[in-house]
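Chain A is the first sequence line, chain B the second, and so forth, proteins listed ahead of strands; every chain is numbered from 1. This is a predicted model, so every value here is computed, not measured.
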There are 2 protein chains.
Amino acid sequence: MSLLLAMTGWHVEDWRERFKALLPDMPIVILGEPFDRRSVHYVASWKHPEGSLAGLPNLAAIFSLGAGVDHLFADTRLPEVPIARVVDPDLTTRMSEYIVLHCLLHLRQQRRYDSQQRQSSWEDDRNQPAARSVRVGMMGLGELGQDAARKLKVMGFDVAGWSRSPKSVAGLQTFAGTDGMAPFLARTDILVSLLPLTDETRGTIDATMLAGLAQDGRLGGPFLINAGRGGLQVEADILAALDAGTLKGATLDVFETEPLPVESKLWTHPAVTVTPHNAAMSEPEAIATQIAAQIRRLEAGEPLEHVVDPARGY
Amino acid sequence: MSLLLAMTGWHVEDWRERFKALLPDMPIVILGEPFDRRSVHYVASWKHPEGSLAGLPNLAAIFSLGAGVDHLFADTRLPEVPIARVVDPDLTTRMSEYIVLHCLLHLRQQRRYDSQQRQSSWEDDRNQPAARSVRVGMMGLGELGQDAARKLKVMGFDVAGWSRSPKSVAGLQTFAGTDGMAPFLARTDILVSLLPLTDETRGTIDATMLAGLAQDGRLGGPFLINAGRGGLQVEADILAALDAGTLKGATLDVFETEPLPVESKLWTHPAVTVTPHNAAMSEPEAIATQIAAQIRRLEAGEPLEHVVDPARGY
């Protein structure tokens, strides 16, 4: 039995070396090279080509090499075997770093001071809202959202969360479902999106959602931080809300098209911070270690962990 | 008996209103207006003019209106009465916001991505060190330093602290005194300065100190964050270290001369972030409330809190 590596855009050789070291007894085969399709019991995928995993008669499990699994469900011919996500504490830490960084950046008006510095201007109206007077809304309360919410609370922010189905998180005011969205948005000064990309969430950050954000907050207007998936956002609506002044600023790590096309107005908009989809990169070693442990678990007859629900898509 | 407000650069009328509301039975007098010097039992000062507090025969205590007290000790004719600092949880929270923001900004190479955004450049070498692999050195372990250190640990950083006299802080590796400085600097990738300004600490952030910082860290060179006092730093040495490449970047909230003169090279240096001494501004209400409580405590025969040691200067 073998592990098939199926990826695009990444250095497959590096991954082969990592898995060889971790699973010395398991043959590692690579999509694009010749291999016996019957030998493949496991697949580790990052954006494998559509249909390339069909016709693997002994396939037992598919592992996503990243936190998202939407790249898997994008394949209409994906084999019906259990799919496992990576739940990497290191990735969680990095995502929280990014979210806390950008919430603090907006709270402390760092972009204003950046702009003043470019003009050698020492100016301060001493109007610095305290973190406790700024309401962060965490959209998505999985591992990542809960960790970021906890750390934002440590920093003093007034944090609430929204999830599709009701969730109880210690110390956090939570909202759920369609009915919970309007009151959640109405109390949100900084909206953080960590939703998974599914048919239901595609394009959810649109003019309607942005219009629902609090306009009475201490920051002089609401902010958006999307570190989830680019498919969640309607970029034309974000730009329109920024230009209308109903959105005060945005930090975007993900985009409808990646890399972000050079002609996108997001690059040059003064109220937008663009980062190249690097909010939470796992160290490849950590991901490979977790997948190898899962394979050893299956080989020992133990159940797979972090299994994705295909009906929900995450 | 009365409370004398002695300040320069601030709106004294706003402070008079605040104290009137909090201490309705106490006459509030203002330096520069006529008042009976014998009536003054308490002084609240922010940078009072040299010698202006001499000749107050019934003075019982001086309150600093900010966290620093160096502005008081700058007065060689300061009366020998107990001096109390402001210890404001709100000010502590704000200082930690600033320090966590700028540590994360350096960790996540945000200045690099800012610069790439200006060029509409989507580029990433995927080299993102984890917070746990980056060593923050907190110089100064008072209320502010301890709170910031704790929050940096929550974010995942590898934090150690240095203080003049040995201090034990739960969960923190600490160094102390002259002997502890070299090993402290040698394990520091991001040096955070929260030292008070005293004769001993003046000019302490100089070429020698900067040359002692770690050159083997994951960020490609050490960073400096000074949110303490401008008098701690030798700006010519900071600029020289940046240009020599032994210092990779700096965030400075305080300066030798404030406002920072328009001709300072710090304004335009690409590796320097300048903020206008606003890392930790207290809400005036919180400061006034604390001083009013201290006055009520003294009137009730209870001891003064947060008393400064004149020998140490903080």
Undergrad: As an exercise, state the distance from CG of B/L104 to OG of A/S96, rounded to the nearest 0.5 Å.
TA: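 It is 10.0 Å, given to the nearest 0.5 Å.
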Undergrad: Report the option among A/Q116, A/R118, A/E258 that has the most heavy-atom pairs separated by less than 4.5 Å from atoms of chain B.
TA: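 Ranked by heavy-atom pairs under 4.5 Å with chain B, first place is A/E258.
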Undergrad: Tell me which of these, A/P261, A/S120, A/C103, has more heavy-atom pairs under 4.5 Å with chain B than the rest.
TA: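 It is A/S120.
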Undergrad: Quick check for you: to the nearest 0.5 Å, what is the distance between A/R112 atom CZ and B/T275 atom OG1?
TA: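 Between A/R112 CZ and B/T275 OG1, I get 11.5 Å after rounding to 0.5 Å.
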Undergrad: Which region of B/T273, side chain (C-beta onward) or backbone (N, CA, C, O), has a non-hydrogen atom less than 4.5 Å from a non-hydrogen atom of chain A, or is it both or neither?
TA: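 Both backbone and side chain of B/T273 come within 4.5 Å of chain A.
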Undergrad: Quick one: does B/R108's side chain have a donor or acceptor within less than 3.5 Å of a partner on A/A279's backbone?
TA: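 Answer holds: yes.
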Undergrad: Among A/D114, A/V262, A/T268, who wins on heavy-atom pairs under 4.5 Å with chain B?
TA: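 Of A/D114, A/V262, A/T268, A/D114 has the most heavy-atom pairs under 4.5 Å with chain B.
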Undergrad: Can you name the residues of residues 142-149 of chain A that have some heavy atom under 4.5 Å away from a heavy atom in chain B?
TA: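 Checking residues 142-149 of chain A against chain B gives no residue, so none.
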Undergrad: Drop me the distance from A/S133's OG to B/D90's CG, to the nearest 0.5 angstrom.
TA: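 Answer rounded to 0.5 Å: 9.0 Å.
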Undergrad: What's the separation between atom NE2 in B/H102 and atom CD in A/Q110, rounded to the nearest 0.5 Å?
TA: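 With rounding to 0.5 Å, NE2 (B/H102) is 4.0 Å from CD (A/Q110).
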Undergrad: Taking B/R94 for its side chain and A/Q128 for its backbone only, find out whether a donor-acceptor pair lies under 3.5 Å.
TA: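 Side chain of B/R94 to backbone of A/Q128: a pair is present.
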Undergrad: Measure distances from A/P89 to the heavy atoms of chain B and classify the residue's part below 4.5 Å as side chain, backbone, both or neither.
TA: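 Contact with chain B: none, neither part.
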Undergrad: What part of A/L107 gets within 4.5 angstrom of chain B, counting heavy atoms only: side chain, backbone, both, or neither?
TA: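 Contact with chain B is through the side chain of A/L107 alone.
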